[in-house]
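Comments concern the structure below.
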Amino acid sequence: MTTSDPRLTAVRVLNRVLPGKGDGESLREVLRDFPLQGADGGLMRDICFGVCRHLRPLNHWLNQQLGKPLKASAQPVRLALLAGLYELWFSERPAHAIVNAYPQLCRKLKAPWAAGLSNAILRKASKLTMDEAVADANPNIQLSLPDWLFKRWQQDWPADAEAMARANLQTPPFTLRVNRRQQQRAGAIAALGDGARPGELSPWSVYLSPARPVFQLPGFEQGALSVQDEAAQLPGEVLQCPPTGRILDACAAPGGKTGQLCEKFPDAELVALELEGKRLTRIKENLARLSAEVTLLQGDASNPSSWWDGTPFDAILLDAPCSATGILRRQPDVKWHRKASDIHALVDLQARMLDALWPLLKPGGMLVYATCSVLRDENDHQVSAFLQRQPQARDVTPRPEEATMVSAGWQLFPQHHGPDGFYLACLRKDT
Ligand SMILES: C[S@@+](CC[C@H](N)C(=O)[O-])C[C@H]1O[C@@H](n2cnc3c(N)ncnc32)[C@H](O)[C@@H]1O
């Protein structure tokens, strides 16, 4: 049943993303089923992202208040209480309006028994800040991270782990890519007006604050602008290929980087590969706006014999499936869906993809390996091991002076400069 009540919708979304039992669905995917527009849509999405982002401290304080745990069947009530806490502690909406809204929401959830509970808990919370509420909790709780992940960050980046965790509690910037086929960046910034500024790392990036709905962006429908984080623009920017060369985008959906490659190499032959048929459709939808021509293939990048026609590539972009630990501020539900045991399987898949795709690259060609991860096993450790296995491969990654030194490639962090946490390495094949 659909509703236009933003708080009720938020609870319905969260109940699929954070169910009491079993695996949750992706927040991004579930939101597609609830296309609430305008201010109501904004409130609903703010609650969904906010609860996922701050889940651990919200849960911690709520559990302390509940005399006995809520039954599993009362998960929607729990989510409503978490939503109320999030609104009180993080939104600028008046506290009395928030406190009054949730007993009514409990009734709409067919849980009138929870109206008094909601009133009591939110009234108490309205007299605190979240920092006060969880002042004596351990750092993993305060920073809203699973124990295993914060431990890994501390092992990988002892000096940066806490700053990285804090950065992931922030709302991410809204970043655009200017279509160089249609306009210069300065012109796009002028057309966007107040709140638009250039990024420092990608020459076609523009930060826009506050964010705007895409249909309000000048030229969006005609493909003049695309939404893409600045770090995610870098693999396409550093990839080198002769103008009429053959390029493989090996893990292409939803097609953000495919579109960028079309803009950068309009005369090249571009092949976009994706494992999942449903996600291949997303690439088609996204490329239609850019009027881009690309050969789309469904197949497994780690098994080229099932889809490769035998013609080698001048350049390969491998934007590998990864833990997504660099983009938790954009996809905060990933913190709760990802498990420590997933990482080993991802590292193994990435290594198999690198080994399988390398023979498809012409001598002198370039393979760019990229992830939106901040875990070293997926990134510089992965590439260093590959360089050991492949004596014909050279690390030719450009690194700005201020880049963090790693054993291979270039690691970006969400707490630096504005872009997401990201990794890339440019690998040249000896002639
Ligand atoms: C990080 S995303 C790619 C994002 C994309 N490059 C962009 O910029 O929009 C990784 C993609 O790899 C796909 N994938 C996962 N395993 C794959 C495989 N074995 N072969 C090809 N694609 C795969 C996933 O379905 C996902 O769409």
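Order of appearance sets the numbers: ligands from 1, and atoms from 1 within every ligand.
- For ligand 1, the atoms lying closer than 4.0 Å to a non-hydrogen atom of E276 are 25 (O).
- Looking only at heavy atoms of the protein, atom 2 (S) of ligand 1 is closest to A253 O, 3.8 Å.
- At under 3.5 Å, not a single nitrogen or oxygen of P321, backbone or side chain, sits near a nitrogen or oxygen of ligand 1.
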Q: Show the numbers, then the answer: is there a salt bridge (charged side-chain N to carboxylate O under 4.0 Å, His left out) between D348 and R352?
A: CA-CA 6 Å; D348 179 62; R352 284 189 289 112; 3.2 Å; yes
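- Under the 4.0 Å criterion applied to side-chain N and carboxylate O atoms, D395 and R428 are not assigned as salt-bridge partners.
- Shown here for T397 and W410, the closest heavy-atom pair between the two residues is CG2-CB, 3.9 Å.
- Of all protein heavy atoms, the one lying nearest to atom 6 (N) of ligand 1 is D319 OD2, 2.7 Å.
- Looking from atom 24 (C) of ligand 1 to the surrounding protein, the closest heavy atom is E274 OE2, 3.5 Å.
- The N/O atoms of K257, backbone and side chain alike, include one that comes under 3.5 Å of an N/O atom in ligand 1.
- Applying the ring-ring contact (aromatic ring centres under 6.0 Å, His included) test between H54 and each of W89, F49, F90 identifies F90 as the sole match.
- For the pairing with R282, the salt bridge (Lys or Arg N to Asp or Glu O under 4.0 Å) check across E274, E276, E29 returns one residue only, E29.
- In C372, neither the side chain nor the backbone holds a heavy atom less than 4.0 Å from any atom of ligand 1.
- Residue A250 touches ligand 1 through its backbone alone, judged by heavy-atom distances below 4.0 Å.
- Every atom of ligand 1 with a heavy atom of D300 under 4.0 Å away is listed here by number and element: 18 (C), 19 (N), 20 (N).
- Not one N or O of M353 is nearer than 3.5 Å to an N or O of ligand 1, by distance alone.
- Taking only nitrogen or oxygen atoms, main chain and side chain alike, L273 does not reach within less than 3.5 Å of ligand 1.
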Q. Are K257 and L317 close enough, and set up right, to give a side chain to side chain contact (heavy atoms under 4.5 Å, CB included), and what steps lead you there?
A. CA-CA 9 Å; K257 296 181 192 66; L317 174 59; 3.8 Å; yes
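- Atoms of ligand 1 found under 4.0 Å from any heavy atom of A301, numbered from 1 in the order shown, are 18 (C), 19 (N), 20 (N), 21 (C).
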Q. D355 and F386: side chain to side chain contact (heavy atoms under 4.5 Å, CB included), yes or no, with the steps?
A. CA-CA 8 Å; D355 289 343; F386 176 74; 3.5 Å; yes
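- The nearest protein atom to atom 7 (C) of ligand 1, hydrogens excluded, is given as G256 N, 3.6 Å; this is a heavy-atom distance.
- In this structure, the protein non-hydrogen atom closest to atom 22 (N) of ligand 1 is L275 N, 3.3 Å.
- Put simply, the side chain of R185 gets close to the backbone of S205: a donor and an acceptor are under 3.5 Å apart.
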Q.
Would M44 and R7 count as a side chain to side chain contact (heavy atoms under 4.5 Å, CB included) here? Give the steps.
A. CA-CA 6 Å; M44 181 269 285; R7 294 185 173 96; over 6 Å; no
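- Remark: minimum distance from atom 12 (O) of ligand 1 to any protein heavy atom is reached at C251 CB, 3.3 Å.
- Between N63 and R78 the shortest heavy-atom distance is OD1-NH2, 2.7 Å.
- If you look at R279 next to ligand 1, the close heavy atoms, those under 4.0 Å, all belong to the side chain.
- Between A320 and ligand 1, no N or O atom pair is found at a separation short of 3.5 Å.
- The closest side-chain donor-acceptor pair between Y423 and Q382, if any, does not fall under 3.5 angstrom.
- Which parts of ligand 1 touch G299 is read off a 4.0 Å heavy-atom cut-off, strictly below it: atoms 20 (N), 21 (C).
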